[in-house]
2 protein chains.
Amino acid sequence: MNAKVTIHDVARLSGVSIKTVSRVLNREPNVKADTRDRVQEAVASLNYRPNISARSLAGSKAYLIGVFFDNPSPAYVTDVQLGAIGRCRTEGYHLIVEPLDSAGDVEEQVAPMLATLRMDGVILTPPVCDDARVLAVLDAEGVPYVRLSPDKDLDRSAYVRMDDVAAAYEMTAHLIKLGHKDIAFIKGHPDHGAAHLRYDGYAKAMAEHGLAVRDDRVAQGYFSFRSGFEAAEVLLAGEDRPTAIFASNDDMALGVMAVANRLRLNVPETLSVAGFDDTPGAKVVWPQLTTVRQPIQAMAAAAADLLLSGAARVDEGSSPPSRLLDFDLVVRESTGPAV
Amino acid sequence: MNAKVTIHDVARLSGVSIKTVSRVLNREPNVKADTRDRVQEAVASLNYRPNISARSLAGSKAYLIGVFFDNPSPAYVTDVQLGAIGRCRTEGYHLIVEPLDSAGDVEEQVAPMLATLRMDGVILTPPVCDDARVLAVLDAEGVPYVRLSPDKDLDRSAYVRMDDVAAAYEMTAHLIKLGHKDIAFIKGHPDHGAAHLRYDGYAKAMAEHGLAVRDDRVAQGYFSFRSGFEAAEVLLAGEDRPTAIFASNDDMALGVMAVANRLRLNVPETLSVAGFDDTPGAKVVWPQLTTVRQPIQAMAAAAADLLLSGAARVDEGSSPPSRLLDFDLVVRESTGPAV
DNA sequence: GGTCGCCTTGACAAGGTTGTCATGGCCTGT
DNA sequence: ACAGGCCATGACAACCTTGTCAAGGCGACC
């Protein structure tokens, strides 16, 4: 384990100039196959690894991809990291994570880090992906970025998202197919774009199946357990109850389950409950929650791919690329036939 | 936002040599207060940020701290990152996250990354912190590291951990104070060091309060929801039931709650349930879980501190430093007076 | 008054890689 | 046989900062 093997050592051993070694390493053309092999042999035998600092100082790339987030669910962050790493590692890139505090002075947090690190690209998760201040700094520094599930300003940059409308539609259709006609819905936080899309999917499915959406069957939630709990208390009060509740995320669905449990309503015999997101909590309640799984890892991998392939770079004129990924309807035990 | 402000620009503007600017930036001594001010003014007005690549190429530091993990709970990973960042950011360090696949060839994953990145230190989370192969590579490369809650080989490196024995002791004492005498315990995964420590704390508390630990009141679990569920099915079968169950992590405690729920045993009226770890799931069940909170963020911050302060560097002879942090007993609704 | 030593500063090299440009060999077309 | 062009390769500068060492200024001490 000699601490410092440099490109010069490799060049000496394989009898070529350092530039040729560089060419081999970077898979540049114009190297004889014979020479290439000799260099690669030397690299292997010396266990040589190019020094990333020198590399990024000399060249343009930093071999770093940033992941910015601000306090979303831990499971989400972890999945994003895993998905992004998968794509990055094969190309010698590394992931730098930067929690942001949107409540504070984000420019002050982002600008210096961008200037110092000169990352090759950044992946933005909600809610940071809709923070105009962050986007402005990135644009100013000329750092390409991809947004995950962005809400507004879709033309502004490359992005990756899931089809929330279709997913909510399918979940609603699933409930309808089980015989439910009286399906309540708990909306998500109004500031969150996905909240509206999910409601749209629900409303569309109801309409297309000839079912009415009663006003008193739609409750406002805020994506939190507590808000789901409170919404359910209202929805389930009295005798005139819906036979199913579709909460537009899992935390709220768990709130619904807690209320049902308290009221001694059997799930799914008396009440079907559906969630959205497939958080870890969904498998940890009993009965386990029927929900929609976002392909977070795949989305992050797609984002990394857009960055590494260079597709995310803003070209004047052409609109930035985007990817729309498939979701999974995860049917577990919390939904069943209507009574 | 001029893309490239270098140290030369600052030097020119403030009328000193680049070396003096460097001295000011690195808070080196031997700069007149007057000069220092002038330089800082120039830095501010040009909005200059030193280039990290050049910096680490010229100097010895890379300004990067690695965080290695292998598939622990997302909440844990996120907390570690937040805790570490807090300490790193003020000193201009950044966090590089590297998920490892312990099942595969870890050397192949770690060695190249260490050689290319030359990080200044690494934080290891369980179970990676007990992987001899990873430690060997780190030692060979001479990269200082701090382990979080390590299990074995405590003298080998700097580490930070929580007092699991004391925490389990206090939780048990809490139940005893509520009047419980027949307290069951669900053990954790036998390969996980904390599992034994937690059991020891429970056993010690029982013994010191003159309570017997019946063999059939101790069940083997594996830290998973399912294993907790199955253990509870056995513990709660029949009429001769314990009045409280202390599961040595939250996932298992949630399994216990699910069984209690199914058997229509009211928590906490008929059965008290206690967990350990304060995972997000603990607040999402009803009633909310009484548990022990590990100060993960504080532990990660302490680890970062050991690294940045240089204390983690292995000195010949002297044993590596360690920190033992306090825990919090989080009393919620799942524990109550004994019947 | 001279010497010593400390504080402050600057000139220059070093650090490892990539980019630019030049060089020489070989092939192609005439 | 020769001009022109392409391929393979190398020499050297550039990237930006820190480390080393030397030098100048100034006060203190003998």
Side-chain angles (χ1 to χ4, degrees), chain A residues 2-40 42-43 46-64 92-93 112 114-118 120, chain B residues 2-40 42-43 46-64 91-93 112 114-120:
Chain A
N2 204 333
K4 300 172 182 184
V5 185
T6 76
I7 199 171
H8 289 96
D9 301 319
V10 178
R12 205 174 312 126
L13 181 61
S14 47
V16 299
S17 78
I18 54 166
K19 178 63 206 181
T20 302
V21 177
S22 170
R23 272 187 274 257
V24 172
L25 292 171
N26 295 296
R27 293 190 192 78
E28 286 174 29
N30 306 337
V31 181
K32 240 194 295 186
D34 177 32
T35 314
R36 192 177 291 271
D37 291 347
R38 203 145 31 90
V39 171
Q40 273 163 343
V43 167
L46 289 173
N47 198 25
Y48 165 74
R49 311 287 172 187
N51 178 311
I52 205 171
S53 300
R55 213 176 190 183
S56 66
L57 180 60
S60 38
K61 301 181 227 166
Y63 295 91
L64 291 176
Y93 282 72
L114 249 33
T116 335
L117 246 34
R118 318 256 151 120
D120 305 299
Chain B
N2 204 332
K4 300 172 182 185
V5 185
T6 76
I7 198 171
H8 289 96
D9 301 320
V10 179
R12 203 173 315 125
L13 181 60
S14 47
V16 299
S17 79
I18 54 168
K19 177 62 206 181
T20 301
V21 178
S22 170
R23 271 186 274 257
V24 172
L25 292 171
N26 296 296
R27 294 193 191 78
E28 285 173 30
N30 306 338
V31 180
K32 240 194 294 185
D34 177 31
T35 315
R36 193 177 291 272
D37 291 346
R38 200 146 31 89
V39 170
Q40 273 163 343
V43 166
L46 289 173
N47 198 23
Y48 164 75
R49 311 288 172 188
N51 178 311
I52 204 171
S53 299
R55 212 174 189 183
S56 65
L57 181 61
S60 39
K61 301 182 228 165
Y63 295 92
L64 291 177
E91 314 239 351
Y93 281 71
L114 249 32
T116 1
L117 247 34
R118 317 255 152 117
M119 315 184 207
D120 305 299

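Letters A, B, ... are given to chains in the order of the sequence lines, protein chains preceding strands, and every chain is numbered from 1.
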Are any protein N/O atoms closer than 3.5 Å to N/O atoms in nucleotides 18-20 of chain D? If there are, list each pair with its distance.
| unit_1 | atom_1 | unit_2 | atom_2 | d |
| --- | --- | --- | --- | --- |
| D:dT18 | OP1 | B:N26 | OD1 | 3.4 |
| D:dT18 | OP1 | B:N26 | ND2 | 3.0 |
| D:dT18 | OP1 | B:R55 | NE | 2.9 |
| D:dT18 | OP2 | B:S22 | OG | 2.8 |
| D:dG19 | N7 | B:K19 | NZ | 3.0 |

How long is the gap from CG on B:L64 to OG on A:S53, to the nearest 0.5 Å? 7.5 Å
Test of understanding: with side-chain hydrogen bond (donor to acceptor under 3.5 Å, both in side chains), list the residues that count as partners of B:N26, not counting sequence neighbours. B:S22, B:R55
Which residues pass the side-chain contact (heavy atoms from CB on, under 4.5 Å) test with A:A58, sequence neighbours left out? none
Is the backbone of B:A115 close enough, under 3.5 Å, to the side chain of B:R118 for a donor and an acceptor to pair up by distance? yes
Need the bend value for the helix from C:dG1-D:dC30 to C:dT30-D:dA1: angle between end axes, 5 pairs each end, nearest 10°. 30°
Identify, between B:R36 and A:S53, the residue whose nearest nucleotide on DNA chain C lies closer to the 5' end. B:R36
Would you give the length of the straight line joining atom CG of B:L57 to atom CG of B:N51, rounded to the nearest 0.5 angstrom? 10.0 Å
How would you list, by chain and number, every residue that makes a side-chain contact (heavy atoms from CB on, under 4.5 Å) with A:T20, sequence neighbours excluded? A:V16, A:S17, A:R23, A:V31, A:T35
Suppose we screen for salt bridge (Lys or Arg N to Asp or Glu O under 4.0 Å). Which residues come up paired with B:R36, at least two apart in sequence or across chains? none
Return the set of residues passing salt bridge (Lys or Arg N to Asp or Glu O under 4.0 Å) with B:D9 (not counting sequence neighbours), or none when no residue passes. B:R12
Who are the side-chain hydrogen bond (donor to acceptor under 3.5 Å, both in side chains) partners of B:R49, not counting sequence neighbours? B:N47
Under the side-chain hydrogen bond (donor to acceptor under 3.5 Å, both in side chains) rule, collect the residues that match up with B:E28, sequence neighbours excluded. none
Value for CD1 (B:I52) from OG1 (A:T116), rounded to nearest 0.5 Å, stands at 6.5 Å
Can you give me the first and the last nucleotide of DNA chain C (5' to 3') that has an atom within less than 4.0 angstrom of a non-hydrogen atom in chain A? C:dG16 to C:dT20
What's touching nucleotides 5-8 of chain D from the protein side, N or O pairs under 3.5 Å?
none

Check ring pair (Phe, Tyr, Trp, His ring centres under 6.0 Å) between A:Y63 and all other residues, then give those that pass, not counting sequence neighbours. A:Y93
